[in-house]
Chemist: 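Before I ask anything, let me first share the structure, which is written out below as structure tokens.
Every chain is numbered from 1, with letters handed out A, B, ... down the list of sequences.
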Amino acid sequence: MKPLNLSLAHQRTDIEPRSGPGPLFLKRLPVGLTITGFRESVDWLDITVPPFDEEGLALVFLSYKGDLQIVLGNGKDLMQPISPGLALLSAGDKPMLFRSVTPVVFSAVVLFLSRSWIADFMKSNGNFEKIEQALQLDPNIVTCRLGRRQLSLLSSILAYDPGSGGNLLEIQNNALGLLEYFCCHRHRNLPGAGAGEAIGNEDDLSLIKEVESYISEYYCSDQFTVDSILKKTYTSYHKLNFLFKSIHGMTISEYIRNKRIEKSKEMIADNAKSISQIAYEIGYSSISNYILAFKKIYQITPGKYKKQISA
Amino acid sequence: MSYVSLENSEPFLKCFEVIAEDKSCIVSDSVLYFSGATGKGFITAAGIPTGIDILAVNVSMLTDDLTFNFLPSQSASSYILSFDEIGFPGKTDNELSLVSASMPGERSGSSVSITDSDYGKIVVYPKEREIRSLIVRVQKSSLGNLIPDFDAGTIQSIMASANSPSLNWPITFKYRLLINDFMAEIVQHPFRELFTIRNISILVEYLLQQFFVMDKLGKDGDYLSGQDMHNLSKVEQYLCANYRTEFPGVEKLSRISAMSPTSLKTKFKKYYGETLFGYYQKNKLEHARKLLDGKVPVKVVATEIGYSNPSHFTLAFKKEYGFSPWHYLNPQ
């Protein structure tokens, strides 16, 4: 089998690329699974889990700090933000690209389940067939949110050092634990890889859905505040923030700001209104606040952006 | 008395037919349920095509002894690992130790063993007991699928040096916890194969650790008498059962075991590879870890396992595992 092809492309020239990046280890476990681990702390990240030669399924367990996005397909379509602490299952021959444009601490464990292994261990298991069916649907990824226990398994796998004679049996047990967790707690196919059903609790899910629809309805109003959401849904700020953070990877106010700025970007592209008009229309009471917020996300002021796209 | 005998190569599932005929049992989806008349509980079998068979027995109050006879066979050479825990039903853990203490002749029968199937093996599950048992049959050739760098020669030579087709060890809390978890989930688990292979892999890890630790301990000392082992297992059970209260003290344990404190300490260390307090503490913290996994807050866990002060618990946890409970919950 071909080893993982790891490319760590550093697109910005002012930052020295870290030397010798690569998987921490690549091992074939006695039960027949192949396991690799990554741990990177870099300013830019571009990691591909490329097609394996053998037919099978690749299961990626992710944990990171920073801003990570997944690119599906051949790298052009679908750029999705994903949340930390996630497992992604995809066919072994479909590449998955993880990209970050900001400094990121990235760690991942990739399990490869070959076809013959699946045939041996999952023979006529109806539940597994369901997972495979879900994998047939677009976007060909099945995700699952990891809990604390799973994250600690993940970090203990990554602590494995084949050089100093680590215990492979323990790695195997941890890996099987992760795999089992994934199979039991997988979610249905999600639009995009991650958001939405990442939280197991039904109540929390419906709460988030309610809040999201409320936000998308009112976010342009200048009367709209986070407090008004709290009053409407009878939740605490901390709880809501926690849920948002685990689903979208950002706080609720960041989420609202992103939504507003995205909207304003569209409005700028329409080229029908002035910047100050746009700022007031999307609910900013002061134009300088708006410019600052825009700059924070796109690293460019709205005025310059307008010039860029009209040029 | 029901008697089941199996050829070495036959799948465990086959024994269900025999038992079901004999008793009023219900078989569904490779699980055999005992109806109230002949016992309570279930027996289930799982197999993985790579040469591993598992028979999980979780029954209580059998009206008859149940015997499995694994006939020797030369065609497919394998090891039979068995993990048995046999207790008295209807008693709380606390009473249990008193009961077994008052019946000197009674063997608890709880043990872990590895047997070369070339010699066959007979397993008897006594009536009117609470039985949790796992029998794992691994083909020698596929043991390498579980253990990295498997060297069949080592196990073979240790067994040869003990001059016995079968080796026995005492069951410890690690096995108990695992077997309890296993029995709680196996029947309803949606991925039975995966669940089984994971647990078996962990069991094998424990077994191998014990295998080599015990082998070393056995070499540099004389063997214990049967009575000693029985007394030690009473102490072990007592320690396991009373993890919620504070450490009973060597005095009390020596009364339970009918040994002097000094000989209890040395023999316990020899038999279980741990000091008395070390064993008690490990069991206690393992319970704590399970509670933490179940999202119980640290403060509550500390009280639950008998610490009056959460920071004492944190210290003990850190000493044992190298990280605090908080770091266990928040690994990054």
Side-chain angles (χ1 to χ4, degrees), chain A residues 27-33 39 63-65 84-85 105 107 113 116-131 146-159 162 165-186 200, chain B residues 29-30 46-52 138 141-151 178 181-182 185-186 188-209 289-298 321-332:
Chain A
K27 281 273 175 191
R28 198 177 171 84
L29 295 173
V31 281
L33 295 165
R39 196 171 43 215
S63 164
Y64 66 89
K65 268 184 193 147
V105 181
S107 52
L113 297 79
S116 58
W117 190 87
I118 294 169
D120 269 357
F121 283 83
M122 299 294 194
K123 197 164 73 183
S124 67
N125 185 322
N127 292 306
F128 196 77
E129 276 164 22
K130 272 185 213 153
I131 297 183
L146 302 178
R148 284 164 163 178
R149 179 89 189 102
Q150 285 69 43
L151 286 175
S152 71
L153 287 182
L154 187 70
S155 50
S156 77
I157 290 178
L158 287 170
N167 185 354
L168 196 59
L169 194 55
E170 199 183 314
I171 301 302
Q172 168 172 303
N173 293 342
N174 291 343
L176 284 169
L178 283 176
L179 178 60
E180 185 193 321
Y181 179 85
F182 178 84
C183 288
C184 296
H185 294 84
R186 89 224 121 84
Chain B
D29 190 22
S30 70
I48 289 141
T50 50
I52 299 162
V138 196
S141 56
S142 68
L143 205 53
N145 287 337
L146 284 174
I147 311 162
D149 314 319
F150 171 65
D151 179 12
L178 198 78
D181 287 353
F182 187 82
E185 284 192 51
I186 180 68
Q188 272 152 31
H189 203 278
F191 294 89
R192 202 180 283 174
E193 304 85 350
L194 213 52
F195 180 71
T196 309
I197 190 76
R198 176 174 68 95
N199 281 292
I200 297 306
S201 170
I202 296 174
L203 277 175
V204 169
E205 190 191 348
Y206 290 167
L207 187 71
L208 284 184
Q209 276 175 11
R289 209 157 86 141
K290 264 181 68 181
L291 287 172
L292 287 174
D293 285 343
K295 298 201 173 74
V296 181
V298 176
Y321 297 112
F323 42 78
S324 66
W326 194 86
H327 280 103
Y328 176 70
L329 295 173
N330 304 283
Q332 251 83 53

Chemist: Tell me, please, which residues at least two apart from Tyr206(B) pass side chain to side chain donor-acceptor pair (under 3.5 Å).
Modeler: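 By the side chain to side chain donor-acceptor pair (under 3.5 Å) rule, Tyr206(B) matches no residue at all.
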Chemist: Roughly how far, to the nearest 0.5 Å, is the OG atom of Ser155(A) from the NE2 atom of His327(B)?
Modeler: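 OG of Ser155(A) is found 11.0 Å from NE2 of His327(B).
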Chemist: Measure the CG-CG distance between Leu194(B) and Leu176(A) for me, rounded to the nearest 0.5 Å.
Modeler: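 One finds 6.5 Å between CG of Leu194(B) and CG of Leu176(A).
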Chemist: Taking only residues two or more places apart in sequence or in another chain, which ones pass salt bridge (charged side-chain N to carboxylate O under 4.0 Å, His left out) with Glu170(A)?
Modeler: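 Checked Glu170(A) against salt bridge (charged side-chain N to carboxylate O under 4.0 Å, His left out); zero matches.
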Chemist: Which heavy-atom pair separates Gln172(A) from Ser201(B) by the least distance, and what is that distance?
Modeler: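 That would be NE2-OG, 3.1 Å.
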Chemist: Looking at every heavy atom in both Asn173(A) and Glu205(B), which two are closest together, and how far apart are they?
Modeler: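 That closest heavy-atom pairing would be ND2-OE1, 2.5 Å.
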Chemist: Kindly compute the distance separating OG (Ser156(A)) from CZ (Phe323(B)), expressed to the nearest 0.5 Å.
Modeler: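 That separation rounds to 8.5 Å.
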